[in-house]
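Atoms considered below: every heavy atom in the structure, side chains included; atoms not considered: hydrogens, waters and symmetry mates. Proteins come first, then strands; the chains are lettered A, B, ... in the order of their sequence lines, and each starts at number 1. Owing to the predicted nature of the structure, the values given are computational and were not obtained by experimental measurement.
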2 protein chains.
Amino acid sequence: MGERKSGKSSEKKPVQKTGVTLSDIAKAMGLSAMTVSRAFTGSEQISEKTKQEVLKCAKELGYVPNRWARSLVTRRSSIIGVLIPEISHTYFAEVTCGVEEIVDKTGFDLLLCHSRGDAEKERAEIHMLIGTRADGLIIASVQDSKTERPFAELEDAGIPFVLVDRFFPNRRFSSVLVDDLEVGEIATNHLIDMGHRLIAHIQGPPVTPAVLRRRGYLSAMKAHGLPVDKEWMIGKDFSNQNGYVSMRKLLQLKPRPTAVFAANDPLAIGAVRACREAGFRVPEDISVVGAGSIEGDHNPNPFLTTVWWPNQEMGRAAAELLMKAIAESDGGETHIRTFAPKLLVRHSSGPAPTK
Amino acid sequence: MGERKSGKSSEKKPVQKTGVTLSDIAKAMGLSAMTVSRAFTGSEQISEKTKQEVLKCAKELGYVPNRWARSLVTRRSSIIGVLIPEISHTYFAEVTCGVEEIVDKTGFDLLLCHSRGDAEKERAEIHMLIGTRADGLIIASVQDSKTERPFAELEDAGIPFVLVDRFFPNRRFSSVLVDDLEVGEIATNHLIDMGHRLIAHIQGPPVTPAVLRRRGYLSAMKAHGLPVDKEWMIGKDFSNQNGYVSMRKLLQLKPRPTAVFAANDPLAIGAVRACREAGFRVPEDISVVGAGSIEGDHNPNPFLTTVWWPNQEMGRAAAELLMKAIAESDGGETHIRTFAPKLLVRHSSGPAPTK
DNA sequence: AACTGACTCGTTAGCGTTAACGCGTCTGGA
DNA sequence: TCCAGACGCGTTAACGCTAACGAGTCAGTT
């Protein structure tokens with residue numbers, strides 16, 4: 001067995017598999033480990049000269065300080081946990097991107113965790129993050145009001161956290177929100193303004209944002225004296241598939257709705273697909289409005305009329321709240337930042353058919 | 001000056017800010033720390049009875065094992081680093097999602113790092129990940145062939161890694177790829193089949209995938225004896241904005257191209273936008289084909305004709321390669337898996353205008 | 001009765017790093 | 001000349017955990 005790399009090596013030293021340590025380079029330089037440590041921690045108690053020498057020697061030997069040994073004694077991991085249902089949802093990807101921007105700037109790193117929409121998995125991940133001694137958490141929770149237990153654990157562990165787009169009325173947690181009630185109202189009002197009266201709603205799962213958007217839909221309809229048939233509210237999760245299936249059902253109703261407010265964009269896109277397959281034109285025959293559009297350069301969808309809000313900025317805001325909570329470590333106050341949604345009129349909505 | 005923690009404490013125990021430790025519950029139960037440890041590590045050297053008692057007591061006291069203390073002695077962090085340009089690109093989000101799926105299943109966690117397309121930042125993150133003693137890395141690198149230095153560092157540190165969609169011909173690294181040459185050919189051939197002859201190409205940045213797609217475009221054109229004007233190849237990065245700007249320039253050429261192959265979907269969407277703004281219809285006047293479509297339920301784009309490949313599955317494949325490399329720790333062999341792209345004909349491409 | 005071996009549990013030593021303190025050396029001012 | 005104080009470095013003792021070995025108990029075997 002040939003050694004693949006003999007390092008700097010003195011004589012035999014088979015393979016330094018474990019990696020170079022502080023005391024390795026301390027010995028090599030005839031210094032104490034402490035002095036070497038000081039060269040890396042930015043301590044004042046070391047002369048500039050030896051500091052440079054140490055850094056140089058460390059580089060040659062390929063030494064990189066062991067983060068965990070350090071954080072064990074420092075009691076800070078410099079790790080922020082991000083706990084979301086799934087990163088492939090563009091919405092969460094953009095929030096996460098905003099979080100990363102701030103967090104990276106402050107010298108922390110991101111541990112990415114998926115709850116996959118499962119409250120129990122979320123709980124397990126929180127537990128894991130406590131074990132990881134994360135310095136803080138950003139959570140897009142799938143817990144409902146009855147299962148706040150995981151958050152209590154976090155508080156016991158003294159780990160600050162900020163919720164994204166989830167609000168628990170009975171308990172104040174720091175959070176960053178969109179006004180989801182307004183989302184529902186804006187979308188619905190737009191359709192009403194275009195002359196629609198038979199407006200259906202494809203809803204999401206029973207989490208706060210979806211519930212509020214639905215409530216906004218209902219409130220807008222009511223405000224205009226428009227009746228809402230129970231069959232017009234349909235759907236059970238945020239998937240494209242659900243949008244497709246729900247729309248197919250809606251198309252069979254009579255009278256057939258002339259417009260649909262879908263609780264998010266994937267739902268809306270699924271709905272559009274169902275309409276077209278069934279031979280209806282969008283928006284000439286049926287108008288569709290989504291919600292939660294993606295921003296930025298990467299994946300714009302130029303077709304769908306939708307209600308937009310600044311995902312990435314919300315991520316930044318959440319991270320800023322968290323950074324402040326960590327820095328001040330008061331742990332006491334909770335802050336809530338709410339963002340206003342905005343209607344983006346594009347090409348999937350139009351005037352109600354005159355028929 | 002108040003003592004922040006009086007150890008195990010006898011009477012008052014103000015706030016155990018530091019968190020409960022192994023020996024805390026060892027003392028509480030009259031056991032040794034080792035026995036308690038065994039209850040958590042799944043060791044055989046403990047009776048089922050005491051194990052359950054320990055677990056129960058730990059739960060009551062809110063004890064969670066300190067991951068870093070553990071990994072310090074274990075020499076395994078159970079952390080996989082994912083180093084990508086930016087998670088808000090749906091492409092990387094989906095790859096990451098696939099990675100997470102496998103990695104989570106195997107008991108690892110993901111440290112998410114952004115290179116932001118900057119080779120130097122990427123290098124810094126790799127350095128950080130070495131310090132973190134990550135057990136393995138998945139990298140969508142922005143290094144070019146001349147700057148492989150970071151990878152050498154990884155090899156020295158004995159950290160296995162798998163590259164995603166980057167290939168370094170002069171050096172064999174384990175990697176997962178799409179056949180980008182074929183991507184370019186498929187897209188271009190499709191347009192040629194539709195009768196187009198004046199086909200332009202909006203290209204990406206000078207990284208391997210973009211270069212290969214362009215080469216595929218050229219090869220397809222050449223194979224059909226079609227000339228390529230230098231002005232038809234334009235563009236410098238993967239952004240939507242670049243697609244828009246480049247298309248505007250292409251529209252002013254005479255003769256004006258009747259079709260465009262854009263190196264990825266954001267480019268294509270930007271191009272479509274430019275066409276429409278200038279009063280051209282897509283696909284009646286101009287056909288546009290993208291590449292790298294997103295899959296899954298969340299963000300389908302039902303309009304764009306594009307070349308597709310299985311992002312999420314590629315992520316899974318990369319993670320599986322990495323898991324194997326970690327488990328076997330041979331570190332020797334390198335594996336390369338290539339995925340075939342597939343044309344998705346939708347509504348942004350059509351027959352060449354007869355003029 | 002003595003021996004073997006399986007089971008449980010404890011003891012000793014670190015893993016690689018930093019906090020806190022201590023000890024020389026050198027400088028400058030009275 | 002002497003001493004305060006700054007400066008640069010070393011020593012000791014953790015941080016919370018587990019590997020490796022060792023010791024005690026109890027059953028079954030010879």
Side-chain angles (χ1 to χ4, degrees), chain A residues 16-55 57-58 61-78 130-135 157, chain B residues 1 3-8 16-54 57-58 61-78 130-135 157:
Chain A
Q16 50 189 19
K17 206 46 178 176
T18 318
V20 194
T21 73
L22 259 192
S23 61
D24 281 339
I25 81 170
K27 272 173 209 154
M29 299 188 64
L31 286 172
S32 77
M34 195 59 231
T35 306
V36 178
S37 169
R38 280 194 260 257
F40 285 93
T41 49
S43 162
E44 300 293 322
Q45 312 185 52
I46 185 176
S47 73
E48 189 59 28
K49 180 165 162 289
T50 59
K51 179 172 174 177
Q52 292 307 331
E53 287 171 1
V54 167
L55 256 35
C57 173
L61 270 64
Y63 167 74
V64 187
N66 185 316
R67 176 179 195 157
W68 308 129
R70 177 178 285 179
S71 74
L72 189 58
V73 42
T74 306
R75 292 166 185 294
R76 307 189 359 137
S77 62
S78 299
I130 293 176
T132 303
R133 303 297 191 266
D135 290 335
Chain B
M1 67 154 242
E3 35 180 339
R4 69 198 56 180
K5 183 209 166 210
S6 45
K8 177 280 249 311
Q16 52 188 19
K17 214 23 182 191
T18 319
V20 194
T21 73
L22 257 192
S23 61
D24 281 339
I25 80 170
K27 274 174 206 152
M29 297 189 64
L31 285 173
S32 77
M34 195 58 232
T35 306
V36 178
S37 169
R38 281 194 261 256
F40 285 93
T41 49
S43 162
E44 299 293 320
Q45 313 186 51
I46 185 176
S47 72
E48 190 59 30
K49 181 165 160 289
T50 58
K51 180 173 173 177
Q52 293 306 329
E53 287 172 3
V54 166
C57 174
L61 270 65
Y63 167 75
V64 188
N66 184 317
R67 176 180 196 155
W68 308 130
R70 177 178 286 179
S71 75
L72 189 57
V73 42
T74 305
R75 293 166 185 294
R76 308 190 358 138
S77 62
S78 298
I130 292 176
T132 304
R133 302 298 191 267
D135 290 335

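- Here the closest non-hydrogen pair linking Tyr63(A) and Thr21(A) is CE1-C, 3.6 Å.
- Heavy atoms of Ser71(A) sit nowhere under 4.0 angstrom from any nucleic acid atom.
- Closest of all the heavy-atom pairs between Ala58(A) and Ile25(A) is CB-CD1, 3.9 Å.
- Note on Thr41(B): every side-chain N or O is 4.0 Å or more away from OP1 and OP2 of dT18(D).
- Between the axis at the start and the axis at the end of the helix from dA1(C)-dT30(D) to dA30(C)-dT1(D) there is an angle of 50°, using five pairs per end and rounding to 10 degrees.
- Within the nucleic acid shown, Phe40(A) has no heavy atom closer than 4.0 Å to any nucleic acid atom.
- Distance from the side chain of Arg75(B) is smallest for dC15(C) among the nucleotides dC15(C), dT18(C), dT18(D).
- No side-chain donor from either of Arg133(A) and Ser77(A) sits under 3.5 Å from a side-chain acceptor of the other.
- Atoms CG (Asn66(A)) and C1' (dG16(C)) sit 6 Å apart, rounded to a whole Å.
- Checking Ser71(A) against Arg76(A) by side-chain atom types alone, no donor-acceptor pair falls below 3.5 Å.
- One atom, CZ of Arg133(A), and another, P of dC15(D), lie 13 Å apart when rounded to the nearest Å.
- Nearest heavy-atom pair, Leu22(A) versus Ala33(A), reported as atom, atom and distance to 0.1 Å: CD1-O, 3.9 Å.
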Using nucleotides 7-11 of chain D, report all nitrogen or oxygen pairs with the protein that are shorter than 3.5 Å.
residue : atom : partner  : partner atom : Å
dC9(D)  : OP2  : Ser47(A) : N            : 3.1
dC9(D)  : OP2  : Thr50(A) : OG1          : 3.0
dC9(D)  : N4   : Gln45(A) : OE1          : 2.8
dG10(D) : OP1  : Ser32(A) : N            : 3.2
dG10(D) : OP2  : Ser32(A) : N            : 2.9
dG10(D) : OP2  : Ser32(A) : OG           : 2.8
dG10(D) : OP2  : Thr35(A) : OG1          : 2.2
dG10(D) : N7   : Arg38(A) : NH2          : 2.8
dG10(D) : O6   : Arg38(A) : NH1          : 3.4
dG10(D) : O6   : Arg38(A) : NH2          : 3.0

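- Note on ring orientation: taking the six-membered ring where Trp is involved, the planes of Trp68(A) and Trp68(B) are parallel (angle under 30°, cut-offs 30° and 60°).
- Judged by distance alone, the side chains of Thr41(A) and Ser43(A) never bring a donor and an acceptor atom under 3.5 Å apart.
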